[in-house]
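Report on one structure; see the data block that follows.
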Amino acid sequence: MKWDKSNFLEDLRTHTNREIAHIGQEICDFSEIQADEVTWGRGSEYGTMSFRSKSDFGLLSLFQITSKAQIKFCVNLLRQKDVPKNILRDYVIKLESNFIRDYDKLNYPADIFEDMNDLFTTHSQVDKLKQCIEGIACRLRQ
């Protein structure tokens, strides 16, 4: 199945509560404006949306969300691509301070999907994530 925003959000609404579905829609809307490319998955069980940014290394995914209300921050993907350390450090620090979790190499050795319900407890966390992603994307494009 080829996913798009419409069927992705419809599926998201069936898998989560209204608040998280609204956050998912807000993240999708933000991605359509800020990403250099938004890609939609083709999976049969659930949909994925990836926020991709131009960089010296080509298009890089900064995060992905699923229609099962999960989000994955592509920190280790950026580590593998040798993104400049100051940009990567800024991304990690902002994620850690926003979500009170560790995203260092030791505690976050592989990019994994995390439940959005567990991460987003206030709306300001959504705003901070959008500001973080916008800033990282701008710096990667330079």
Side-chain angles (χ1 to χ4, degrees), residues 1-9 11-13 15-142:
M1 172 177 187
K2 177 70 172 140
W3 292 85
D4 60 26
K5 183 179 179 182
S6 175
N7 59 15
F8 179 90
L9 292 174
D11 196 50
L12 178 64
R13 287 184 197 103
H15 285 103
T16 193
N17 64 47
R18 213 179 73 202
E19 280 179 33
I20 296 297
H22 179 73
I23 289 170
Q25 178 163 355
E26 192 173 335
I27 290 172
C28 287
D29 293 344
F30 162 79
S31 298
E32 286 182 318
I33 294 166
Q34 294 296 330
D36 291 308
E37 180 180 270
V38 172
T39 57
W40 300 97
R42 299 178 189 269
S44 58
E45 292 182 37
Y46 59 89
T48 56
M49 185 226 60
S50 297
F51 179 109
R52 295 173 54 142
S53 177
K54 289 180 182 170
S55 75
D56 291 343
F57 311 96
L59 283 167
L60 294 177
S61 285
L62 299 186
F63 71 88
Q64 298 175 326
I65 63 172
T66 73
S67 61
K68 290 197 178 210
Q70 297 175 310
I71 190 165
K72 172 170 67 174
F73 302 112
C74 302
V75 173
N76 288 296
L77 172 73
L78 299 180
R79 285 185 181 123
Q80 291 169 0
K81 297 289 184 182
D82 289 326
V83 165
K85 289 196 185 321
N86 60 336
I87 296 175
L88 185 60
R89 186 176 59 244
D90 191 36
Y91 190 29
V92 168
I93 287 170
K94 286 180 177 169
L95 288 176
E96 288 178 342
S97 67
N98 195 21
F99 298 116
I100 319 298
R101 292 173 183 236
D102 290 322
Y103 290 97
D104 59 25
K105 285 182 186 176
L106 198 59
N107 293 301
Y108 194 71
D111 296 331
I112 57 165
F113 282 105
E114 302 177 73
D115 287 331
M116 291 169 60
N117 222 5
D118 296 339
L119 284 181
F120 295 101
T121 55
T122 67
H123 196 273
S124 71
Q125 289 175 301
V126 180
D127 293 335
K128 286 179 184 173
L129 175 64
K130 292 189 313 189
Q131 291 168 357
C132 167
I133 296 296
E134 189 176 353
I136 297 300
C138 281
R139 290 172 68 187
L140 285 171
R141 290 181 197 118
Q142 292 177 345

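No donor-acceptor distance shorter than 3.5 angstrom exists from the side chain of Y103 to the backbone of Y91, with no hydrogens or angles considered. Although no hydrogens or angles enter the test, the distance criterion places no donor-acceptor pair under 3.5 Å between the side chain of W3 and the main chain of T48. Side-chain atoms of D104 come within 3.5 Å of backbone atoms of L106 as a donor-acceptor pair (strictly under, hydrogens ignored).
Residues satisfying the side chain to side chain contact (heavy atoms under 4.5 Å, CB included) test with S55, not counting sequence neighbours, are F57, L60, L140. Scanning for side chain to side chain contact (heavy atoms under 4.5 Å, CB included) contacts around D82 gives an empty result, with sequence neighbours left out. Take K2 and apply the side chain to side chain contact (heavy atoms under 4.5 Å, CB included) test, not counting sequence neighbours, and it matches W40, R42. Under the side chain to side chain contact (heavy atoms under 4.5 Å, CB included) criterion, D111 pairs with K72, C74, V75, N76, L77, Y108, sequence neighbours left out. Legend: residues meeting side chain to side chain donor-acceptor pair (under 3.5 Å) with R89, ordered by chain and number and at least two apart, are absent.
Contact annotation: the side chain of D118 approaches that of R101 to within less than 4.5 Å [non-hydrogen atoms, C-beta and beyond]. The side-chain heavy atoms of K54 and L59, taken from C-beta on, include a pair separated by under 4.5 Å. Side chains of I112 and Q70 form no contact here, defined as non-hydrogen atoms less than 4.5 Å apart. You'll find the side chain of I133 reaches within 4.5 Å of the side chain of F30, heavy atoms only. Within the 4.5 Å cutoff, the side chain of I23 has heavy atoms near those of the I27 side chain. The side-chain heavy atoms of S44 and M1, taken from C-beta on, include no pair separated by under 4.5 Å. Side-chain contact check for F63 versus M49: some heavy-atom pair is nearer than 4.5 Å. Contact of the L62 side chain with the L78 side chain is registered, since non-hydrogen atoms from C-beta on lie closer than 4.5 Å.
For the residue pair D11 and G47, the shortest heavy atom distance occurs at OD2-N, 4.3 Å. A21 and T16 get closest at one heavy-atom pair: N-CG2, 3.6 Å.
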Fill in: Step-by-step salt bridge (charged side-chain N to carboxylate O under 4.0 Å, His left out) determination, E26 to K130
CA-CA 10 Å; E26 192 173 335; K130 292 189 313 189; 2.7 Å; yes
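The side-chain hydrogen bond (donor to acceptor under 3.5 Å, both in side chains) contacts involving residues 131-142 comprise D36-R141, D90-R139, where partners must be two or more places apart or lie in separate chains.
Screening L129, T121, D127 for a side-chain contact (heavy atoms from CB on, under 4.5 Å) with Q125, the sole residue that qualifies is T121.
The aromatic rings of H123 and H22 sit tilted relative to each other, their planes meeting at an angle between 30° and 60°.
Annotation: K81, atom NZ; neighbour count of heavy atoms from other residues, nucleotides and ligands within 6.0 Å does not exceed 12. Within 6.0 Å of CD in E19 there are 12 or fewer heavy atoms belonging to other residues, nucleotides or ligands.
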